[in-house]
Amino acid sequence: GFSMRGKVWIYKFLFIVGFGMAAGFIIQLCKDAGQYKMYALPFYYLLFFRVIEYLLLAVFLIISGYILRKKVISGQV
C-alpha cells in the first residue's frame, strides 16, 4: 500500500493537473479568440469543443482530488 505521504502527493497532483488544465483552457480560448475567423464555424462551437477538451477533464481531476483529500484526512484510505 501507499504511505500517508504518497496519498497526500496523489491528491495534490490531481489538484495541480486539474487547475493547470483549467488555466490551459483560458489560455487556449484567448489564443483562439485572437485567431478566430468570421467565415469559420461560429465561435461558440469552438468554445464547446474547448470545454470538452479541457474543462471536463479539469473538473473530473479536481473533484477526484477533493474526494481523495477528504478520505485521506478522515483516514478512510
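Counting from 1, the numbers follow the sequence of the chain as shown. Predicted, not measured: the structure shown is a model, and the values here were computed from it. The basis for the numbers below is simple: all heavy atoms, side chains too, and nothing from hydrogens, waters or symmetry mates.
Residues Ala58 and Gly18 approach most closely at CB-O, 3.3 Å, considering heavy atoms.
Between Leu47 and Phe25 there is a side-chain heavy-atom pair separated by less than 4.5 Å.
Hydrophobic clustering (ILVMFWY, side-chain heavy atoms < 4.5 Å, transitive): Ile63 and Met21 are in distinct clusters. Ile26 and Val59 are not part of a single hydrophobic cluster, where members link through side-chain heavy atoms under 4.5 Å apart. Note on Leu46: it does not cluster hydrophobically with Ile27, by side-chain heavy-atom contacts below 4.5 Å among ILVMFWY residues. The hydrophobic cluster containing Phe60 does not contain Ile16, counting ILVMFWY residues as joined when their side-chain heavy atoms lie under 4.5 angstrom apart, directly or transitively. Under a hydrophobic clustering in which Ile, Leu, Val, Met, Phe, Trp and Tyr are joined whenever their side-chain heavy atoms come within less than 4.5 Å, directly or via other members, Phe19 and Leu61 fall into the same cluster.
Between Phe15 and Tyr11, the two ring planes are perpendicular [angle over 60°; tilted spans 30° to 60°].
The ring pair (Phe, Tyr, Trp, His ring centres under 6.0 Å) check on Phe43 picks up Tyr36, with sequence neighbours excluded.
Among residues at least two apart or in separate chains, side chain to side chain donor-acceptor pair (under 3.5 Å) pairs with a member in residues 51-70 are Arg50-Glu53. Annotation: salt bridge (charged side-chain N to carboxylate O under 4.0 Å, His left out) contacts involving residues 54-63, sequence neighbours excluded, are absent.
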Passes side-chain contact (heavy atoms from CB on, under 4.5 Å), Leu14 versus Ile62? Steps please. CA-CA 6 Å; Leu14 290 173; Ile62 291 168; over 6 Å; no
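Interatomic distance, CD1 of Ile73 versus CG of Leu68, reported as 10.0 Å (0.5 Å rounding). The structure places CG of Leu29 at 6.0 Å from CG of Asp32, a figure rounded to the nearest 0.5 Å.
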